[in-house]
Amino acid sequence: MTSDIANLPTKYEARETENAIYKFWEDNSFFKADNNSKKPPYSIVIPPPNVTGILHMGHALDETLQDVLTRYHRMKGYEALWLPGCDHAGIATQNVVEKQLAKEGKNRHELGRQKFLEITWDWANKHKDRILEQCKLLGASFDLSRKRFTLDEGCSKAVKKVFVDLYNKGLIYKGSYIVNWCPRCQSAISDIETEYETEEGNLWEISYPLKDEMGAIVIATTRPETMFGDVAVAVNPNDFKYKDLIGKKCVIPLTGREIPIIADEYVDKSFGTGALKITPAHDPNDFEVGRRHNLPFIKVIDEQGKMIARQEVHPELHGKDRYDARERTIRMLKAHEVLVRITPHEHNVGKCQRCNTTIEPLLSEQWFVKMEPLAKPAIEAVKNGSIEFVPKRWEKNYLMWMENIRDWCISRQLWWGHQIPAYYHKKTGEMVVSTENPDPENYTQDTDVLDTWFSSGLWPFSTMGWPDTDSADFKKFYPTTTLVTGFDIIFFWVARMITMGLEFTGKPPFSTVYIHGLIRDENGQKMSKSKGNTIDPVEIIEKYGCDALRFTLASLCTYGGQDIKLSDERFEYGRNFANKIWNASRFVLMNLTKSADELNLDLSSLSNADKWILNELNNTIKLVNENIQNYRIGEVASILYDFFWNSYCDWYVELSKIEKNEAVLVCVLDKFLKLLHPIMPHITEKIWQLIPENKDAKAIMLSDFPEYDARLEFKEAKEQIEALFEAVRSLRNIRSEFNVIPGAKINIQIVGGEKLFKGVVEYLKRLAKVENIEFLASAPSDSQAASVVVGDVKIIVPLKGVINVEEEIARQNKKLQKLEAELKSLEGRMNNQKFVSSAPADVVSATKTRIEEIKLAAGKINELISNFR
RNA sequence: GGGCGUUUAGCUCAGUUGGUAGAGCGCCUCCCUUACAAGGAGGAUGUCGGGAGUUCGAGCCUCUCAACGCCCACCA
């Protein structure tokens, strides 16, 4: 055994280990959750990645955090389920398949719905597993036996039931409204799928002549081509400029159609000319005005973004694209001398989130979910704490959106998705909303499909067997525990899951929403393929290892959930740590002399060094548990890094080279590996299995997570060992500053420190390269020596011929000055009556203690200095 | 227009109830010391964005100003 370990490479081969370890877990079905278990449940559902997607850094972060939580709770004794799956991604997938068809010179309309769906299903089936396979490279301990797809049978059943129930409750309705229409996707999209971009445009002022009298009213618009759909000109009722015109009529230039001049509070007197043309079929605000005033809706732009050939539209524009039509309209207006003024104007233009095409607000028949009644309990659940956001600030964001919620347009004019379960009688047109077609002979199904987010909104329960509420998974694992995601989909996804979960299961779908930051490039830019600034997690894994990737990402997760700026080199941090763990473990394990059953920890025979490291370990255990439970994953990473590197390797392993307690050495390593396992699962599994005591155990991932143990608090030993470290550091500093040859030994005199240092003489000798130690009661005078004060102990290093007296005095003075500055400030504090009376007692006493310490040390330094004189 | 975030060492960032600052990288000096050069030892570096206030005491709380970033709203 030990010889095997000695033969292990000094450079940790991450990929080799990781592949083997992952296979080991998978082959043993360790990720499979048991819905029959007596253990308390802990469950997470994955934010289903798009079926079109390939793994990016955002996923890597998201999945890492979910895996950390899952593994932690599994070790803590929970029945842990992390449920994986994919989203059918309506528009994204259809776009991909259509592009592919276009290459072959085909389009979906030629193929027909049936054939197109077959092709798309083939494509989806081929790609569905790709991203989850990639997640395996991340070490994901999700339960693939429960893998789901938003378009699978179970999810589809849930979707139909939810739709029909909401319809029957009057919470889904169909109607003609202004929607965001994407002329490229050929579909309506929801408000939150519309992103606004600032564009340089113009404000065109156009003169609309009054009817039957002299004069005109000048309106301002950014979209002159929509003038053919105007049904009124509106002014503010309190605008004295236009007071006399209200109720009169004016004439649309170029076509001569007469429209009324109306008054509406919506109009801003100070903007443009204060007169606004009303085009209810092509502007959401005008739509509202139109409804208020019972105006007709005249649609002049079609679903392709082209001008409709109808009598209201000037014949020259029939069939012209909206932008071409704008140019032509302007030319005609100029020719007719009704274009009064053109002012450059910056304004926001809505773009399709998927394809960045400028959306066209369009009057169209769509399905909507009435959100307000659904939002109410969803607001309440967050306000009363049944659902908690981490960090807390996102609650405000969520609440503000929910409190101003607008109805959700859920129909999409696509083919890929859940077809809306509404059926129309072929002859009468009568509509039936039902999970099944009432009579396929005579009824045809609505051709629209549902917004992708409609099905992902059901994800936490549709994946658990719902609507079968007796299903074992639903009973055991719903509601889920934690939801982990980025803030960018709080509205799209989190809010919808909460509303739907509460409405259909009566329970919040999860109790905590853990929101992490977004991954950005080193300049803080969003990573995107088009910018070419992406870092591919698969490449990073190949280069640095999966555990290195995970550890680096985890360490960058701050409590505030800040965005994470990444560059390739940052992963060296995790890789170096993995390598350090590897080598320290190798060293410890290959030098074991005892057999497994001799390695039991005996608390009655511990040296101070042993007590010190156990004390540090115990403290680390406490901090790790606390921090992980508070979602402070970055803190956990740095606590473990610090403990292992600085306490265990730099000190305890070094001490063990002088005198070792193999049981402690191994016990601490074993516990540390468990603490780290959730973040770095592979290397910890690998090494843990090399520990002789664990040879019959199954796996670290199934072991118990370490718990704080009051028996391992050793305050005195800690003080003594830390004094040793302080002395060693000081002696090394002296060696370095006085250029003592690295290999040369020094002699030292310790004054008044027998009690503190007698027991650690060997350590002192080895760690500071000391030949002889002489314990003295008082310091010898006028020695040519460098010295240091540790607590109330003086350590003197005679350096005849090496020492420059002036330099040493200067060195000591510098230390003295530092102490005196601190002393002055502390004494100032103590002399302040208000501080003494109002500061907490422990702060006051700590200040007193510190003052005594400083005085003591300063006194010793002064003695040292006077020895030179 | 409303909301949120950021501003701390040369760089990237930590810093949980207020008790006078930390890490990694980089930098300087030295070292292949019986695990690790992806390493070891030692070292330098900060009026914590500006200003005001509360407090015995402020990187942290309040106000204000500035710069940058994000989200929501969408005045044509």
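The chains referred to below are lettered A, B, ... by the order of the sequence lines, with proteins before strands, and numbering in each begins at 1.
- A donor N or O paired with an acceptor N or O is not found under 3.5 Å between the base of B:A37 and the side-chain atoms of A:Lys11.
- In this model, no side-chain donor or acceptor of A:Arg735 finds a partner on the base of B:U29 within 3.5 Å.
- With B:G43, B:A73, B:C72 as the candidates, the nucleotide lying closest to the side chain of A:Phe491 is B:C72.
- A:Glu654 comes within 4.0 angstrom of a base, heavy atoms only.
- Remark: the separation of the P atoms in B:U8 and B:C68 is 15 Å, to the nearest Å.
- Checking B:G40, B:G42, B:A35 against the side-chain heavy atoms of A:Ala584 singles out B:A35 as nearest.
- With B:A76, B:C36, B:G24 as the choices, the nucleotide that has an atom nearest any side-chain atom of A:Thr221 turns out to be B:A76.
- With A:Phe835 as the aromatic partner, A:Arg829 meets the cation-pi criteria of under 6.0 angstrom to the ring centre and within 45 degrees of the ring axis.
- For B:G1, the paired base is B:C72 (Watson-Crick or G-U wobble, both distances below 3.5 Å).
- Aromatic rings from A:Phe571 and A:Phe551 are positioned such that their centres are separated by 6.0 Å or more.
- When distances are taken from the side chain of A:Glu635 to each of B:A14, B:U12, B:A35, the shortest belongs to B:A14.
- In summary, the aromatic rings of A:His345 and A:Phe271 are positioned with their centroids under 6.0 Å apart.
- Under 3.5 Å, the side chain of A:Asn348 and the base of B:C74 form at least one donor-acceptor pair of N or O atoms.
- As judged by a 4.0 angstrom heavy-atom cut-off over every strand, A:Gln562 is placed among residues touching the sugar-phosphate backbone only.
- Minimum atom distance to the side chain of A:Trp645 is reached by B:G39, of the listed B:G39, B:C70, B:G3.
- Looking at A:Arg575, its side chain comes within 3.5 Å of the base of B:A38 through a donor and an acceptor atom.
- When the P atom is compared between B:G50 and B:C60, the two are found 10 Å apart, to the nearest whole Å.
- Ranking B:G42, B:C36, B:A14 by closeness to the A:Thr10 side chain, first place goes to B:C36.
- Nucleotides B:G59 and B:G26, compared at atom P, are 30 Å apart to the nearest Å.
- Aromatic pair A:Phe389/A:Trp394: ring centres not closer than 6.0 Å.
- Checking B:A35, B:A14, B:A76 against every side-chain atom of A:Tyr266, the shortest atom distance belongs to B:A76.
- The pair A:Glu654-A:Arg766 does not meet the salt-bridge criterion, since no charged nitrogen lies less than 4.0 angstrom from a carboxylate oxygen.
- Closest approach to the A:Phe835 side chain among B:A76, B:G39, B:C56 is made by B:C56 (side chain taken as heavy atoms from C-beta onward).
- In the set B:C31, B:A38, B:C72, B:C31 carries the atom at the smallest distance from any side-chain atom of A:Pro742.
- Checking B:A35, B:G15, B:A76 against the side-chain heavy atoms of A:His347 singles out B:A76 as nearest.
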